[in-house]
Amino acid sequence: AISLARIGSSGINAEYGEVGRLCYIRLGDNAGKTCVIVDLVDQKRLLVDGPHCGLARQVIRLKNLAITDLKVKIARGCKTNVVRAAVTKEDIANKFLQTSLSKKAESKKAKAALGDFDRFKLRVAKTAHNRKIRSAVRKLKKSS
C-alpha cells in the first residue's frame, strides 16, 4: 500500500494517509462529509472521492481532513464506480456513524444549532453539575 510518512506538521498526529482510507472533511465547502483517499498528489494534498455522500472527485489539502481507522480495499486511482461499490459492500457509512469522530461532529452540530435560551439553560446545568462535583471532591479531601 502506498502511504505517506508521518504527518506531523499538518496537525494529524502520527496517522497514515493511504489509498482506500476513509476521511472526514473538517474544513472548507464540503465540511462534514466523508471521502475515500484515491491517490496521493504530494505530501500535503490528496485526491479523494466521496460518491456515497455526493462529493465529487477532487484534490483536498491534508490539513482539512481527519483520517479515520476505516479502510476499503481499492486500487490506486480507481474509478468512482469502484469506490462506490467498495464503500457500499463494506457498509462504511454505517461503520463511520459508530465512530467517536462522527458522534463528536454530531454533538458539535447540535450545539451550534442551539438558540440563545438553550445555550443559557445548558450553561446553568453545566454550572450546577460542576458545583456538585466540586463539593464531592471537597468532602473527600476533608475526610482524608
Side-chain angles (χ1 to χ4, degrees), residues 1-140:
I2 299 172
S3 64
L4 291 173
R6 275 188 189 231
I7 307 161
S9 61
S10 67
I12 303 170
N13 199 1
E15 287 189 23
Y16 293 88
E18 56 186 325
V19 173
R21 185 75 62 183
L22 186 79
C23 299
Y24 176 77
I25 302 175
R26 296 182 305 127
L27 304 169
D29 297 336
N30 297 310
K33 293 185 178 180
T34 57
C35 59
V36 177
I37 299 174
V38 177
D39 201 356
L40 311 170
V41 177
D42 56 26
Q43 288 288 334
K44 294 187 178 188
R45 295 179 299 153
L46 302 170
L47 179 65
V48 297
D49 200 355
H52 56 284
C53 65
L55 181 70
R57 182 174 289 219
Q58 58 188 292
V59 175
I60 295 184
R61 289 182 58 87
L62 191 57
K63 70 179 187 176
N64 294 346
L65 298 174
I67 300 174
T68 66
D69 293 335
L70 301 172
K71 188 178 176 199
V72 292
K73 195 168 183 97
I74 58 171
R76 180 178 177 216
C78 65
K79 297 188 177 203
T80 301
N81 289 336
V82 175
V83 175
R84 182 182 292 117
V87 167
T88 54
K89 179 184 171 194
E90 298 194 25
D91 199 25
I92 291 294
N94 288 333
K95 286 181 183 176
F96 177 72
L97 291 176
Q98 304 304 317
T99 63
S100 61
L101 180 63
S102 172
K103 292 174 184 174
K104 188 175 180 181
E106 287 298 320
S107 67
K108 189 174 182 180
K109 227 183 264 184
K111 192 173 180 181
L114 290 177
D116 189 34
F117 188 58
D118 292 328
R119 280 193 301 274
F120 171 74
K121 288 191 294 187
L122 183 68
R123 190 187 71 193
V124 169
K126 193 173 180 183
T127 305
H129 178 70
N130 287 338
R131 188 174 292 132
K132 287 179 186 176
I133 292 173
R134 266 197 312 271
S135 67
V137 168
R138 283 188 193 127
K139 286 178 186 175
L140 287 173

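Start at 1 with the first residue, then count along the sequence. The figures that follow rest on heavy atoms only: side chains count, while hydrogens, waters and symmetry mates do not.
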Closest contact, heavy atoms only, [X] versus [Y]:
| X | Y | result |
| --- | --- | --- |
| A105 | Y24 | CB-OH, 3.2 Å |
| V83 | C78 | CG2-SG, 3.6 Å |
| A31 | R26 | CB-O, 3.6 Å |

Ion pair K73/E90, N-O distance below 4.0 Å: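 So K73 does not pair with E90 through a salt bridge.
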Mind checking the [atom1]-[atom2] spacing from [X] to [Y]? Nearest 0.5 Å is all I need.
| X | Y | atom1 | atom2 | result |
| --- | --- | --- | --- | --- |
| T34 | L55 | OG1 | CG | 8.0 Å |
| S107 | K109 | OG | NZ | 10.5 Å |
| I60 | I25 | CD1 | CD1 | 3.5 Å |
| L46 | R21 | CG | CZ | 12.0 Å |
| E18 | L40 | CD | CG | 9.0 Å |
| D49 | I37 | CG | CD1 | 12.0 Å |

Measure the shortest side-chain to side-chain distance between [X] and [Y] over non-hydrogen atoms and say whether it is less than 4.5 angstrom.
| X | Y | value |
| --- | --- | --- |
| V72 | K89 | no |
| C35 | L65 | yes |
| L101 | K104 | no |
| L122 | L114 | yes |
| R57 | V38 | yes |
| L22 | H52 | yes |

Take V36 and I74 through the test side chain to side chain contact (heavy atoms under 4.5 Å, CB included) and record every step on the way to the result. CA-CA 10 Å; V36 177; I74 58 171; 3.8 Å; yes
For the CG atom on D91, are there more than 12 heavy atoms of other groups (residues, nucleotides or ligands in this structure) within a distance under 6.0 Å?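 Correct, the count exceeds 12.
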Mind checking what makes side chain to side chain contact (heavy atoms under 4.5 Å, CB included) contact with I133, not counting sequence neighbours?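 Partners of I133 by the side chain to side chain contact (heavy atoms under 4.5 Å, CB included) criterion, ordered by chain and then number, come out as H129, N130, V137.
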